[in-house]
Amino acid sequence: MISSKYSMLWDAAASKSPISYGELDVNLQECLTSGDGLFDHYGGRTPFVFLETTGIETLVVEKSEHSDECVDAYNVINCTGGYGAGVLGGNLNFLSERVSAALNTAPVMNDEHHSIDRLSLVKKIKSLIGEHTQTSASDWDVSFTSTGTEAVELAMQMSLMTDYQLGTDTDTSGKDVILACHGAWHGWATGANQLLDRKQFTGGIPRVAGYEVVFMHYGELSSLRDMFAQYKGRIRTVIVEGILGDGGVIDASEQWWSELEQLARDESAVLIDDEILTGFRTGATLALPQGRIPDCITLGKALGFGLFPLSAVIWNNKKLNLRAGVGVRTFNARPFQAQIVEQALDFIATNDLNSNIKLIGDALIEQLKEVQKQFPTIIRDVRGRAGLVGIELERKYARKGRLVRDELIRAGVLSEVESGMMMTSIPKEYRIHETLRMTPPLGMDIQMVPRIVQAYVDVCKKLEGANA
Amino acid sequence: MNLEQIEQSVRNFLIEDLMKDELEGVALNAELGLDSLDTTELRVFVEENFSLDPSKLIAEKLDTLEHIVGQIAEHVKG
């Protein structure tokens with residue numbers, strides 16, 4: 001039994017026994033009845049209240065579907081870390097003393113001044129990027145931002161300002177096309193929104209005049225070649241994700257990356273590798289194949305370890321420059337953040353968590369593929385790499401990912417729902433159904449894998465039984 | 001395009017694009033139960049297939065096949 005103020009609920013989760021609603025404290029009752037007060041951006045938030053975490057397991061409760069007087073509790077393996085930010089899961093505990101020390105001593109200052117803590121983190125990140133791209137760390141410059149969206153905005157700003165003449169307010173590049181990918185996600189703000197192609201995200205946001213954003217199919221060689229041929233001489237920027245995330249967890253081949261890099265170079269286009277979702281997730285610093293060299297890389301989510309929003313733009317200083325005055329932010333890796341992040345990155349390296357997550361990912365994908373064979377009317381495909389696993393739903397559940405996600409929570413696994421690509425503007429052969437995404441923490445015990453797989457089996461059986 | 005053709009086109013969209021198998025053979029006046037994502041796709045479909053400005057569609061009247069077909073037919077005629 002776990003010692004906690006919620007021990008009664010942990011016990012209820014273990015024994016799968018409902019608890020009386022009247023026994024709960026008033027705040028929990030309020031959360032269960034009318035939510036936590038946050039605006040519903042989703043058009044339907046879940047009925048679940050998250051209470052407490054121990055290691056990788058989280059205590060989750062909801063009002064019982066059988067009786068208003070009862071509450072069901074679940075012990076859930078957290079395979080999301082909150083949109084993939086909580087990359088260390090329960091291993092974050094190792095930071096507790098260090099956070100306290102950092103709070104006591106780290107100066108609060110902006111990035112107009114210098115900080116040893118920041119210097120150390122910048123060196124670390126340059127070194128990791130140099131190692132991954134097989135280039136010199138000194139080829140790269142770094143600026144920190146807060147959210148992933150901000151990082152994308154800054155990367156785009158740098159790219160679009162490359163040939164801009166401030167004095168005459170003219171653009172000398174003569175190029176007006178930005179190449180992005182169908183189904184990609186790069187952020188909500190107006191600039192990043194230009195790079196999306198799904199109406200549910202772009203509707204109501206004006207398009208920026210003077211540029212045409214065109215879309216290719218991620219990972220498809222023919223689409224890549226066609227787009228570069230069609231827009232030859234006009235492509236200024238190409239932005240791609242390390243693995244296409246929200247579009248359905250789609251990986252690209254080494255050959256695709258190699259041709260993309262060459263085509264972008266021949267076109268003198270700026271190649272931005274958006275690794276906000278994928279950085280530190282796939283058993284390496286980046287999802288990008290090692291030795292490939294983009295002009296600019298964005299990191300986020302995992303970089304803040306689920307503790308605070310922190311993102312970064314890293315660019316090849318032989319190709320890009322940041323003009324003075326651009327990119328200044330209120331939070332630009334405060335020394336406190338820099339200390340914490342550096343120690344967390346060291347923890348990943350010291351404990352070889354990249355190797356661990358590869359084992360976990362391989363086991364999950366292999367075993368979930370067997371579940372797919374068993375339930376082909378529910379699961380369409382299982383794919384991904386290391387700590388980014390996608391389970392695409394079959395036709396009947398193509399738009400019912402939330403329902404499946406909720407059942408999985410009740411069965412003991414927290415997954416998230418990716419939109420896929422089901423727009424009528426996409427040819428049918430390229431459409432991707434809603435896809436469940438798991439981003440398990442890098443240090444997860446391999447013993448957890450059978451429990452996760454069993455939860456998927458249980459949910460598939462339940463769904464199949466409901467349709468029988 | 002006549003009413004029958006518009007109806008068939010919308011039925012195909014519901015089944016083939018929105019994958020609403022449960023709406024196979026749905027009655028003209030039955031509630032379709034489309035959510036906001038579905039209606040976004042419906043608006044795109046109407047724009048692309050009937051050259052109709054989707055802002056002209058009355059949101060409250062995207063609830064049944066009869067209403068959807070009626071709205072399209074009205075604008076196609078016009």
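Small disclaimer: the values here were computed from a predicted structure and weren't measured. Proteins get letters first, then strands, A, B, ... in listed order; numbering begins at 1 in each.
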Determine, for B:Asp38 against A:Arg399, whether the closest basic-nitrogen to carboxylate-oxygen distance falls under 4.0 angstrom. yes
Please look at A:Arg431 and chain B and tell me whether the side chain, the backbone, both or neither of the residue comes under 4.5 angstrom of a heavy atom of that chain. side chain
Is a donor on one side and an acceptor on the other found under 3.5 Å between the side chain of A:Arg395 and the backbone of B:Met19? no
Atom OH of A:Tyr83 with >12 non-hydrogen neighbours under 6.0 angstrom: no
Please test B:Leu37 against A:Met422 for side-chain contact (heavy atoms from CB on, under 4.5 Å), starting from the C-alpha separation and ending with a verdict. CA-CA 10 Å; B:Leu37 191 57; A:Met422 293 189 288; 5.7 Å; no
Chain A heavy atoms under 4.5 Å from B:Glu16: which part of the residue, side chain, backbone, both or neither? both
Tell me, side chain or backbone of A:Lys396 under 4.5 Å from chain B's heavy atoms, or both, or neither? neither
Give a yes or no on whether the backbone of A:Thr424 and the side-chain of B:Glu41 come within a donor-acceptor separation of less than 3.5 Å. yes
Could you tell me if the side chain of B:Val44 sits less than 4.5 Å from the side chain of A:Met423, heavy atoms only? no
